[in-house]
Structure formats: structure tokens, C-alpha cells
Protein chains: 2
Amino acid sequence: MNKIDLNAECCDCNEVHEDLLKIVNETMPEENELYDLAELFKVFGDSTRIRILFVLFEAEVCVCDLAEVLNMTQSAISHQLQILKQNKLVKSRREGKSIFYSLADDHVRTIIAQGQEHIEE
Amino acid sequence: MNKIDLNAECCDCNEVHEDLLKIVNETMPEENELYDLAELFKVFGDSTRIRILFVLFEAEVCVCDLAEVLNMTQSAISHQLQILKQNKLVKSRREGKSIFYSLADDHVRTIIAQGQEHIEE
DNA sequence: TAAACATATGAACAATCATTCATATGAATG
DNA sequence: CATTCATATGAATGATTGTTCATATGTTTA
């Protein structure tokens with residue numbers, strides 16, 4: 001595998017081609033992992049979902065409280081909660097008529113904290 | 001703490017309203033910071049850009065090599081590089097006709113590593 | 001068990017986005 | 001200085017997505 005391409009059809013920086021292909025083939029995650037990674041970050045790429053997460057950083061909250069605090073419709077919040085739940089960023093628990101949502105794990109905090117560090121520079 | 005909100009206009013979980021509002025108002029970032037955060041994660045939310053970043057984890061690479069290694073058109077790669085650059089995830093350097101791209105800082109690695117940890121569980 | 005309440009969900013619509021195509025810019029080369 | 005090479009970019013297009021609206025599901029209560 002990874003044979004030398006002497007007829008590099010690209011730019012003149014020929015020296016790197018072989019090594020680059022080799023290294024990339026070794027370190028690049030599988031196609032479906034790349035897809036999952038992008039999917040995960042897509043979930044963080046919406047300010048409504050980010051705001052939901054910031055609320056859940058502080059407390060376990062039911063849907064209607066989330067909607068009230070964030071000043072959005074119950075339906076919009078519920079739709080976004082489903083997306084957060086599908087991606088295992090939040091979990092839910094029923095208590096009577098209400099359903100309470102909370103953070104699923106602490107990666108969420110870490111990822112968002114890293115994002116904040118990045119934009120604050 | 002956790003005072004009761006007697007005028008809760010929402011669901012029956014009245015006790016939390018006041019405190020929740022207070023805490024959220026204290027800890028929720030400003031509107032534009034939330035927007036910037038979401039924008040940043042949106043950049044990670046595309047597998048082409050993720051793949052570009054994985055290549056740049058290993059080496060400083062010119063545009064045509066990126067296009068070749070990732071098997072995509074020069075134009076598509078260039079468009080995505082502009083987005084990565086605007087969000088300060090990569091930087092560029094001209095050398096003759098070529099332009100070499102590299103990671104702008106190490107938050108990129110940390111954020112993606114956290115994402116990988118999350119999906120591998 | 002009917003009504004009220006809390007949440008979920010499907011369809012529709014507008015907005016956003018990634019890629020393609022054509023072309024422009026900018027540097028090296030002969 | 002015209003051509004070639006490497007990259008950037010604007011417009012167009014098809015695909016994806018967040019919100020709304022209407023309605024369904026599931027739980028409590030009278």
C-alpha cells in the first residue's frame with residue numbers, strides 16, 4: 001500500500017505526497033467516525049441548543065421551564081431536546097406530567113468550555 | 001435558597017422558577033458570545049472540514065495536496081479553507097505559487113479529541 | 001372517563017449551506 | 001510579457017435545517 005506516485009498530477013511540492021498519503025491513511029479516522037464527529041459538532045452548532053445546554057449546566061429542568069426561561073415555544077424546545085437526546089448530550093426523566101432533562105455526561109461541559117476558550121482570545 | 005415562585009405561569013414545578021431565572025441570568029453568556037460559540041461549532045460540523053483538520057494535524061499542506069489527499073476539487077477545498085480561516089482554526093502562508101495551510105492553535109485538537117471521546121462510548 | 005395539562009411529533013416553509021462551474025487573481029517561468 | 005500554475009471567489013443549485021402550526025400521546029385530576 002501507499003506506493004510512490006512519481007507522476008504527481010498536482011502542484012510542485014512533490015516530496016510530501018508519499019509521506020502525506022501514508023500519514024493521513026494511518027491517522028485519519030474511519031468514514032463513519034468522521035461522519036459521527038461532524039454530526040456531534042453540528043448539534044453544538046445552534047445557539048438555541050447551546051442555550052439549552054447552558055441552562056442544564058445549572059439544573060435539571062422540565063420542558064416548559066426551558067421554554068419559559070429561553071422565551072421560546074414548547075414545540076421548538078422539544079424538537080431541539082430530541083436532537084440533543086439522540087446525540088446523547090442530555091437525558092430525560094418523567095415525573096408525573098412533566099419530563100425533566102439533564103446533562104448526559106461531562107464531555108458536554110468540556111467541549112463547550114474549549115469552544116469558549118477559543119473564541120475568547 | 002430555592003425560593004418559591006407563587007406566580008408561576010407555567011407548569012406545576014413552581015418551586016424552581018425564580019431560582020432558575022436568577023441562575024440562568026447569571027451564568028448564561030451574552031447573546032453574541034452564544035452566537036460566536038454556535039458559529040465555531042458549526043465549523044466543526046462538516047466532515048469535509050473535519051477531514052481537512054485531521055490532515056493539518058499531521059503536516060502543513062498546500063491546497064492542491066489537500067484536494068488530492070481528500071479526493072475533492074480544489075474549489076471545494078478552497079471554499080472550506082476560507083471558512084476555517086475566518087474562524088481562526090487554520091492559518092496560511094504563501095510560498096511561491098502555493099499557499100500552505102496549518103493549524104492556528106491547539107484548541108482545535110482539544111475540541112476534536114473531546115468530540116471523539118464522546119462518540120466512543 | 002372526560003377534561004386539562006405537559007410533552008412529542010409530522011408536515012410545511014424559509015433560511016442556511018456545501019458543492020460545482022466559470023472565472024478572477026497573483027506568482028513564476030520561458 | 002504572455003502563458004502556465006496555484007489558489008480564490010461569485011453565482012447557482014440541491015440538500016439540510018430550525019421554527020411554526022396543527023395534532024397526537026401520555027399523565028393527572030375532577
Side-chain angles (χ1 to χ4, degrees), chain A residues 7-17 34-35 38-53 56 60-87 90-102, chain B residues 8-14 16-17 34-35 38-53 56 60-87 90-102:
Chain A
N7 313 357
E9 60 286 271
C10 188
C11 67
D12 284 345
C13 36
N14 296 334
E15 333 80 36
V16 283
H17 285 177
L34 287 170
Y35 182 81
E39 277 303 298
L40 175 66
F41 287 120
K42 226 174 273 183
V43 178
F44 288 97
D46 175 76
S47 62
T48 295
R49 290 190 291 264
I50 296 259
R51 293 198 304 155
I52 290 175
L53 292 175
L56 298 187
E60 186 189 44
V61 182
C62 66
V63 180
C64 73
D65 276 5
L66 271 171
E68 190 195 358
V69 166
L70 299 181
N71 197 31
M72 294 187 64
T73 65
Q74 175 268 322
S75 181
I77 295 293
S78 190
H79 275 297
Q80 299 309 328
L81 283 171
Q82 299 322 303
I83 293 175
L84 290 166
K85 195 175 176 182
Q86 279 163 27
N87 287 272
V90 307
K91 59 190 175 191
S92 65
R93 170 181 71 83
R94 178 179 282 277
E95 187 178 311
K97 284 177 289 187
S98 297
I99 296 189
F100 284 84
Y101 282 83
S102 57
Chain B
E9 59 286 90
C10 186
C11 67
D12 284 346
C13 36
N14 295 334
V16 283
H17 285 176
L34 288 170
Y35 182 82
E39 278 304 298
L40 175 66
F41 287 120
K42 226 174 272 181
V43 177
F44 289 96
D46 175 79
S47 62
T48 295
R49 289 190 291 263
I50 296 259
R51 295 198 303 154
I52 291 175
L53 292 175
L56 299 186
E60 186 190 44
V61 182
C62 65
V63 180
C64 72
D65 276 5
L66 271 171
E68 191 194 359
V69 166
L70 299 182
N71 197 31
M72 294 187 64
T73 65
Q74 175 268 322
S75 182
I77 295 294
S78 191
H79 275 296
Q80 299 309 327
L81 282 171
Q82 300 321 304
I83 293 174
L84 289 167
K85 196 175 176 184
Q86 279 162 28
N87 287 272
V90 307
K91 59 190 175 189
S92 65
R93 171 180 71 82
R94 179 178 281 277
E95 186 177 310
K97 283 176 290 185
S98 298
I99 295 188
F100 284 83
Y101 281 84
S102 57

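Side chains included, hydrogens not; waters and symmetry mates left out as well; all remaining heavy atoms used. A note on names: the letters A, B, ... follow the listed sequences, proteins ahead of strands, and every chain is numbered from 1.
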Under the 3.5 angstrom rule, does the side chain of [X] hit a backbone N or O of [Y] as a donor-acceptor pair?
{"X": "A/Arg49", "Y": "A/Val43", "result": "yes"}
{"X": "A/Arg51", "Y": "A/Leu70", "result": "yes"}
{"X": "B/Arg94", "Y": "B/Ile99", "result": "no"}
{"X": "B/Arg93", "Y": "B/Ser102", "result": "no"}

Could you check whether any side-chain heavy atom of A/Glu68 comes within less than 4.5 Å of a side-chain heavy atom of A/Asp65, counting everything from C-beta outward? yes

For [X] and [N], give me the distance from atom [atom1] to atom [atom2], rounded to whole Å.
{"X": "B/Met72", "N": "D/dA6", "atom1": "CE", "atom2": "C1'", "value": "18 Å"}
{"X": "B/Asp65", "N": "D/dC5", "atom1": "CG", "atom2": "P", "value": "16 Å"}
{"X": "A/Asn71", "N": "D/dG18", "atom1": "CG", "atom2": "P", "value": "19 Å"}

At a heavy-atom distance below 4.0 Å, what parts of residues 38-48 of chain A sit against DNA chain D? A/Lys42, A/Asp46, A/Thr48

Both distances under 3.5 Å, Watson-Crick or G-U wobble: report the partner of D/dA8, or none. C/dT23

Judged by each residue's nearest nucleotide on DNA chain D, which is more toward the 5′ side, B/Lys85 or A/Gly96? B/Lys85

If the cut-off is 4.0 Å, is [X] near the phosphate of [N], judged by side-chain N/O to OP1 or OP2?
{"X": "B/Tyr101", "N": "D/dA8", "answer": "yes"}
{"X": "B/Arg94", "N": "D/dA6", "answer": "no"}
{"X": "A/Ser78", "N": "C/dT7", "answer": "no"}

Where does the angle between the aromatic ring planes of A/Phe41 and B/Phe41 fall among parallel (under 30°), tilted (30 to 60°) and perpendicular (over 60°)? parallel

State whether the distance check finds a donor on one side and an acceptor on the other, under 3.5 Å, for side chain A/Gln74 versus base C/dA6. no

Closest to the side chain of B/Lys97, out of C/dT7, D/dA6, C/dT9, is D/dA6

Which one, C/dA18, D/dA8, C/dT7, comes nearest to the side chain of B/Ile99? D/dA8

Separation between OG of A/Ser47 and NZ of B/Lys42, rounded to the nearest 0.5 Å: 7.0 Å

Begin from the C-alpha positions of B/Val63 and B/Tyr101 and carry the test side-chain contact (heavy atoms from CB on, under 4.5 Å) through to its verdict. CA-CA 7 Å; B/Val63 180; B/Tyr101 281 84; 3.5 Å; yes

With 3.5 Å as the limit, what N/O pairs link the protein to nucleotides 10-12 of chain D?
residue: D/dG10; atom: O6; partner: B/His79; partner atom: NE2; Å: 2.8

